[in-house]
2 protein chains.
Amino acid sequence: MRDNRISEAVISRLPKYYRYLSELEAKGTQRVSSSKMSADMGLNASQIRRDLNCFGGFGQQGYGYQVNNLKNEIKKILGIGKKYTAVVVGAGNIGQALYKYTNFAEEGYNLAAIFDADQSVVDKEIDGITVRPIEELADFVINNEVNLGVITAPKRHAQRIADELVLLGVKGIWNFAPVDVVARKGVCVENVHLSDSLFVLSYRMRTNGED
Amino acid sequence: MRDNRISEAVISRLPKYYRYLSELEAKGTQRVSSSKMSADMGLNASQIRRDLNCFGGFGQQGYGYQVNNLKNEIKKILGIGKKYTAVVVGAGNIGQALYKYTNFAEEGYNLAAIFDADQSVVDKEIDGITVRPIEELADFVINNEVNLGVITAPKRHAQRIADELVLLGVKGIWNFAPVDVVARKGVCVENVHLSDSLFVLSYRMRTNGED
DNA sequence: CCAATTTTGTTACTCATTGCAAATACCTCC
DNA sequence: GGAGGTATTTGCAATGAGTAACAAAATTGG
């Protein structure tokens, strides 16, 4: 709480800390120092302390950080545990996979329904899930107070779907279509481009260290 | 080719350029300037020129960049189009989704087979694909000259699978398990943490701009 | 064919981020 | 309860990334 401007770089490391601390907690570890975190995670110890200090003095000199406490603080910072209600739009491969993936629910992200425009997959129970027709999207979002939209539709529809979701009042868009979806101020967008990461991997494989 | 040290930041923007240029090419656009790219992609024009110039002078003063040519150059830089043979290890939701996703094949990434350790899903044709038993992984990788491993197994198995794949000679690991898989020097690893991006989105939704 | 315009390649500058080291605070053990 | 050790703070230096400004070069139009 000491600096109002938290950099993107810091934010993007928080989930990693969260993951690491969850592991420690599961192992029953009570306390951890920045130097141990550094050794385990491959980040500079100084950077870790600095990052955490952006949000408050969680550590104690001469002792380190209390694992459970720190984990919960980061959880609060990231907004994990707040109840989110989401819809998945696009019942293709990725859409179905995300919808069926249960780990998100455990963290409080409830993927409440999945929609598709293709009549051939709608209203049939595929592999245990029922795909709803896109025409019901608006009603569902409003009646269930959906605040998060997951877009897994083909790229040509992505922006239009995003626009509709925003109009319906969602506060966040998690987009998997290979375009950069945009939204008006006040709505948060996270574009996930799987192939981008594959291309970066491919670049590294080609150049392998030196260039 | 003017600077041997290309920063991560530059590399991570290349796929975005590639995507954008592919769109332009599909529309039949012949030439593009850095200022147009800037306007369309929301990046600083100066940065775009600088990024591209890391790899050579692709542009022409007074003219701009030739779309088709630049796209192909970036394609080469990223190593897209080279033939990769990959295996997917873990036939859960994400594994199946990636395996069935055909766009990768179009870019030269051939996902040749999918494996799982769970006997109940093995050797049965599920939704058009056949899952192979994990015991056949080694033979398959060697016989088919697999150079890329995609890990979509539970996190407790991820590192062990990675180690085996590396031992079998793959040169790249594309990991979707929620752990940071590591590999010996010479093998490239790209860890994709979907929930990380969800958490970052969740943070932004909570703080929404100001903090 | 020449001048005006466009647009890149490149250098210089600013700002953010990372890394380091001294200082401070707290725990632990005797 | 005090001394020593441990680990965070905090301020500062160095590195790196992003932006702006400019000069060189090529195109375009008359």
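Values below: all heavy atoms of this structure, side chains included; hydrogens, waters and symmetry mates excluded. Just so it is clear, the model here is predicted, and its values are computed rather than measured. Below, chains carry the letters A, B, ... as their sequence lines are ordered, and counting in each starts from 1.
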* **Residue pair B:Asp180, A:Lys16: steps toward the side-chain contact (heavy atoms from CB on, under 4.5 Å) verdict** => CA-CA 9 Å; B:Asp180 286 320; A:Lys16 183 161 176 164; 3.2 Å; yes
* To do: Might you work through the ring pair (Phe, Tyr, Trp, His ring centres under 6.0 Å) test for B:Trp174 and B:Phe104, ending with a clear yes or no?
  => CA-CA 13 Å; B:Trp174 199 24; B:Phe104 298 133; 5.5 Å; yes
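A donor atom on one side chain and an acceptor atom on the other are not found under 3.5 Å apart for B:Thr152 and B:Tyr99. Side-chain N/O atoms of A:Tyr65 and A:Glu73 include no donor and acceptor closer than 3.5 Å. Between the side chains of B:Asp163 and B:Gln159, a donor-acceptor pair is found at a separation under 3.5 Å.
Residue A:Lys36 contributes atom NZ, which lies 13 Å from atom P of D:dT8 at whole-angstrom precision. Atom C1' of nucleotide C:dT7 and atom CD1 of B:Ile48 are separated by 13 Å, given to the nearest angstrom. Nucleotide D:dT8 holds its P atom 15 Å from the CD atom of A:Gln47, rounded to whole Å. Rounded to whole Å, atom P of C:dA21 lies 11 Å from atom CG of A:Asn44. Here the C1' atom of nucleotide D:dT19 and the CG atom of B:Leu43 are 13 Å apart, to the nearest Å. Note: CG (B:Asp51) to P (D:dG16) measures 17 Å, nearest angstrom. Here the P atom of nucleotide D:dG16 and the CD1 atom of B:Ile11 are 15 Å apart, to the nearest Å. Rounded to an integer number of Å, the gap from CZ of B:Phe55 to P of C:dG9 is 14 Å.
Under the side-chain contact (heavy atoms from CB on, under 4.5 Å) test applied with B:Leu165, the options B:Val150, B:Val146, B:Leu148, B:Ile151 reduce to a single match, B:Ile151.
In this structure, B:Ser46 reaches the bases: a heavy-atom distance under 4.0 Å links it to at least one base atom across the strands shown.
For residues 58-78 of chain A, proximity to DNA chain D is found at A:Phe58, A:Gly59, A:Gln60, A:Gln61, A:Gly62, A:Tyr63, A:Gly64, A:Tyr65, defined as any non-hydrogen atom under 4.0 angstrom from a strand atom. Within residues 18-29 of chain A, no residue is approached by DNA chain D to less than 4.0 Å at the level of any non-hydrogen atom.
One finds no side-chain N or O of B:Arg49 lying less than 4.0 angstrom from the OP1 or OP2 phosphate oxygen of C:dG9. An OP1 or OP2 oxygen of D:dA7 is reached within less than 4.0 angstrom by no side-chain nitrogen or oxygen of A:Ser34. Side-chain N/O atoms of A:Arg31 include one lying less than 4.0 angstrom from OP1 or OP2 on C:dT28. Within the 4.0 Å cut-off from OP1 or OP2 of C:dA16, not a single side-chain nitrogen or oxygen of A:Ser7 is found. Note on B:Asn53: every side-chain N or O is 4.0 Å or more away from OP1 and OP2 of C:dT8.
The base of D:dT9 does not come close enough to the side chain of A:Arg50 for any donor and acceptor atom to sit less than 3.5 Å apart.
Along DNA chain C, the nucleotide closest to B:Ser33 and the one closest to A:Arg13 are compared, and the more 5′ of them pairs with B:Ser33.
The minimum heavy-atom distance linking A:Val181 with A:Ala162 is given by the pair CG1-CB, 3.5 Å. Of all heavy-atom pairs between B:Lys76 and A:Arg206, the closest is O-NE, 3.3 Å.
For A:Glu145, there are no salt bridge (Lys or Arg N to Asp or Glu O under 4.0 Å) partners, not counting sequence neighbours.
Salt bridge A:Arg204/B:Glu8: present, at least one basic N to carboxylate O contact under 4.0 Å.
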